[in-house]
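Data block below; observations after.
Only heavy atoms go into these numbers, but all of them, side chains included; no hydrogens, no water, no symmetry mates.
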Amino acid sequence: MKAMGHTTRSAMRRSGCCGGSAAGWRRLRRRRRCLLAALLTSAAAAVFLAFSRPFGTSIWFADPYAVPSSRRTADLSPSRPLPSREASHATEFVSKPNSSADSAATVVLSPLVAPSPSPNGDLDDTDSDYSSPDLKAAPLWTEVAANSTDTNVPPLFVEPLPSPFGNYDGTQVQSVSPEPKMLPLQPLVTVPLTLTDQQLIYAKGEIDRAPFVYDDPKLYAPVFRNVSVFKRSYELMESILKVYIYKDGSRPIFHRPELKGIYASEGWFMKLMHENKNFVVKDPNKAHLFYLPYSAHRLEQTLYVLNSHNIQPLMIFLRNYVNEISVKYPFWNRTGGADHFLVACHDWGPYTTKWHHELRRNTIKALCNADVSEGVFIRGKDVSLPETSIRNPRRPLRDIGGKPASQRTILAFFAGQMHGRVRPILLQYWSGRDENIKIYGPLPKGVARKMSYAEHMKSSKFCICPMGYEVNSPRIVEAIYYECVPVVIADNFVLPFEEVLDWHSFSVVIAEKDIANLKDILLRIPQSEYVTMQMNVKKLQKHFLWHAKPVKGQVKFVLFYRGTHGKLSKVRRTFRHVKRARGPAAAKDEVYGGRSQGGPTSIHRYHHLR
């Protein structure tokens with residue numbers, strides 16, 4: 001090329017072509033590049049055709065998930081349910097015959113190529129594992145000559161890899177051409193829909209068609225995001241939901257609720273669960289959810305060594321407990337723990353789950369410390385539980401209520417220990433700076449003699465609820481108990497039941513960086529809007545109460561609703577799998593109690609609940 005370029009330039013100089021101008025040289029270089037590009041394209045096409053010709057061009061362009069029409073009857077039988085993506089691409093596959101008149105091309109089915117679900121994968125937001133980068137792109141259908149004339153080529157024995165779920169019943173020995181060689185991967189295993197699966201799919205359909213609620217005396221619509229969906233979901237929860245409580249575990253960590261103190265929410269939930277006869281079942285096969293009945297606070301009291309600053313013994317204990325029940329019972333391994341839930345109000349609750357991957361990523365966690373920045377609490381799957389301080393277990397509703405809006409003379413109030421990063425900043429800006437804003441550390445004795453802590457909250461328009469060492473604070477529930485509008489200052493905090501309740505209608509959320517502007521933010525709220533917010537707090541109060549005997553609408557039931565609603569949000573994906581594999585009519589018939597033709601409906605259990 002270098003010599004040719006030199007010769008061309010010499011000839012042009014001798015002949016005066018292009019006048020020796022720069023434009024002429026540019027035109028020549030463009031023609032040369034076009035010529036080289038054409039030569040390379042022709043060479044690539046020749047190589048492509050040379051390699052593709054022995055197998056026919058259809059193998060390169062055919063849909064790799066297409067199902068040959070000649071084999072549908074045998075390979076789509078109920079005994080071999082196909083994954084949903086293969087079924088959704090069940091289109092005609094027509095192989096091109098060879099040029100020889102007496103030689104016909106045949107299609108040979110190779111084992112299904114699909115990866116096993118990765119235990120480290122997060123499938124919460126994915127619809128199918130086929131989008132995973134772990135899936136190696138390879139055709140599932142190979143086209144070979146049936147009457148091969150090459151007698152020196154031995155047959156290739158294709159055997160699928162063994163599956164931990166049973167023997168794959170595909171063709172064990174097939175005579176094919178040795179090229180292209182393709183190692184089969186482990187087939188994706190499907191399981192039939194259980195009765196509990198069908199019930200959840202039915203419930204999801206009912207929620208999607210929830211009738212409009214415009215006047216319900218028991219539900220105050222302004223405090224809900226969608227009162228119609230909440231009402232219908234609540235009704236279905238009461239009629240369908242069943243929970244199994246594991247008997248394993250010894251006291252005091254298990255089965256011993258603590259009903260007093262700032263971590264009492266987990267204890268009251270455990271107490272009411274053990275006493276409940278409507279939700280709890282003795283047969284785990286009838287359960288939709290499985291409860292891990294331990295107390296995070298009891299775990300800390302029993303295993304933590306004071307001043308050691310080491311919570312690893314707690315993490316190891318919980319990891320071993322989950323491993324034990326996963327070996328003893330089949331229910332955990334069936335879904336990777338995705339239909340199990342725990343309730344923990346202690347600050348260390350989320351951290352104690354970190355040493356068990358499935359417990360941390362899959363299990364539904366009802367946590368008071370709902371901090372999304374820690375990587376444990378997963379928004380949309382886990383539940384933010386209100387932290388409630390109970391002083392007297394025999395009278396948990398003592399001193400409930402407060403003054404009407406017109407008699408609240410204090411603009412904002414806070415008193416408490418200087419825990420965490422936010423409270424010292426709050427004290428620095430507002431302690432003693434304004435008569436209408438009462439900001440203290442621990443409430444001074446002189447002030448407490450004139451007006452108690454509870455009386456301060458009952459007389460304030462806004463109650464400041466800054467985070468402590470963790471994002472959660474019992475002052476949010478205290479403010480609601482005393483009918484004071486809560487002002488939440490905690491970045492990264494997921495508010496309790498945020499997907500159910502409209503917190504903007506009865507609270508104020510302020511970023512930590514805006515503490516200096518606290519008074520301006522509160523004064524910008526018109527009086528009429530404040531009166532509405534304070535009324536909403538009063539109407540909402542009943543949903544945050546713990547009763548000695550279960551009462552419809554209290555925290556436990558709202559928690560059940562939220563946990564069940566999170567699980568039902570995954571059911572839409574399951575219904576899509578059923579529709580792909582069997583068609584819409586068959587899916588609806590199977591889901592709503594009928595028997596459809598063609599064998600039992602199959603779904604990917606791993607995708608169903610993850």
Side-chain angles (χ1 to χ4, degrees), residues 258 260-267 294-315 317-318 342-355 360 365-379 382-391 412-431 439-443 453 457 463-480 486-496 498 507 509-516 518:
E258 184 173 4
K260 184 179 180 180
I262 62 174
Y263 307 126
S265 291
E266 63 183 28
Y294 78 96
S295 167
H297 189 209
R298 298 284 191 190
L299 184 66
E300 178 262 334
Q301 290 176 329
T302 306
L303 299 180
Y304 178 68
V305 179
L306 190 64
N307 298 324
S308 67
H309 306 288
N310 180 17
I311 66 170
Q312 289 187 6
L314 287 68
M315 302 163 71
F317 178 87
L318 199 56
L342 60 89
V343 179
C345 209
H346 193 277
D347 290 352
W348 296 349
Y351 309 127
T352 56
T353 67
K354 283 190 172 182
W355 277 21
R360 180 174 65 90
K365 300 179 291 293
L367 303 173
C368 291
N369 185 9
D371 187 348
V372 293
S373 66
E374 295 290 343
V376 178
F377 187 92
I378 301 175
R379 204 180 215 127
D382 296 330
V383 184
S384 177
L385 181 66
E387 182 176 359
T388 307
S389 179
I390 302 294
R391 294 178 176 84
F413 166 73
F414 168 78
Q417 299 292 335
M418 291 294 102
H419 296 162
R421 64 177 184 268
V422 173
R423 296 181 186 182
I425 299 175
L426 181 66
L427 199 69
Q428 174 187 348
Y429 276 103
W430 295 107
S431 178
I439 304 295
Y440 304 99
L443 191 63
Y453 178 86
M457 298 194 81
C463 292
I464 311 301
C465 308
M467 64 175 288
Y469 289 126
E470 304 293 343
V471 293
N472 51 302
S473 170
R475 284 168 181 79
I476 297 176
V477 176
E478 287 178 345
I480 294 174
V487 179
V488 182
I489 307 177
D491 295 350
N492 305 314
F493 179 47
V494 178
L495 295 167
E498 68 164 8
S507 71
V509 178
I510 296 179
E512 296 174 16
K513 62 181 180 63
D514 294 330
I515 291 178
L518 174 65

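- With values rounded to the nearest 0.5 angstrom, D491 atom CG is found 10.0 Å from D371 atom CG.
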Is there a side-chain contact (heavy atoms from CB on, under 4.5 Å) between L318 and Y294 once you walk through the steps?
CA-CA 9 Å; L318 199 56; Y294 78 96; 3.5 Å; yes
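- Annotation for F317: atom CZ counts as buried by contact number, over 12 foreign heavy atoms lying within 6.0 Å.
- In this structure, CG on L443 lies 10.5 Å from CZ on F414, to the nearest 0.5 angstrom.
- Using a 4.5 Å cut-off on side-chain heavy atoms (C-beta onward), P442 and Q417 make contact.
- Nearest heavy-atom pair, G349 versus A296, reported as atom, atom and distance to 0.1 Å: CA-CB, 4.3 Å.
- Put simply, CD1 on I476 and OG1 on T388 are 10.5 Å apart, with the number rounded to the nearest 0.5 Å.
- The two residues A370 and F377 come nearest to each other via the heavy atoms CB-CE1, 3.6 Å.
- Closest heavy-atom contact between I510 and V487: CD1-CG1, 3.6 Å.
- Looking at L426 and L518, their side chains come closer than 4.5 Å, going by heavy atoms from C-beta outward.
- Taking 4.5 Å as the limit, every side-chain heavy atom of F493 sits out of range of all side-chain heavy atoms of V509.
- Using a 4.5 Å heavy-atom cutoff, the side chains of E470 and P350 are not in contact.
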Decide ring-ring contact (aromatic ring centres under 6.0 Å, His included) for Y453 and F413; before the verdict, give the C-alpha distance in whole Å, the side-chain angles of both, and the deciding distance to 0.1 Å.
CA-CA 10 Å; Y453 178 86; F413 166 73; 5.8 Å; yes
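- The OH atom of Y304 lies 12.5 Å from the NE2 atom of H297; values are rounded to the nearest 0.5 Å.
- K365 places a side-chain N or O within 3.5 Å of a backbone atom of R360 that can act as its donor or acceptor partner.
- Taking the side chain as every heavy atom from C-beta outward, L342 and L367 approach each other to under 4.5 Å.
- A pairwise comparison of heavy atoms in V494 and S384 identifies O-OG, 2.7 Å as the closest pair.
- The two residues C345 and I262 make their nearest non-hydrogen contact at SG-O, 4.4 Å.
- With hydrogens and angles ignored, the 3.5 Å screen pairs a side-chain donor or acceptor of R423 with a backbone N or O of M467.
- D347 contributes atom CG, which lies 5.0 Å from atom CG of N472 (distance to the nearest 0.5 angstrom).
- Here Y351 contributes atom OH and I311 contributes atom CD1; the two are 8.0 Å apart, rounded to the nearest 0.5 Å.
- Taking both residues in full, the closest heavy atoms of G416 and R475 are given as CA-NH2, 3.3 Å, listed atom of the first, atom of the second, then distance.
- You'll find the side chain of E512 stays beyond 4.5 Å of the side chain of I425, heavy atoms only.
- With contacts defined as side-chain heavy-atom distances shorter than 4.5 Å, the pair E478/S389 qualifies.
- The side-chain hydrogen bond (donor to acceptor under 3.5 Å, both in side chains) test with S295 is passed by exactly one of E300, H346, E266: E266.
- Looking at V422 and I515, their side chains come closer than 4.5 Å, going by heavy atoms from C-beta outward.
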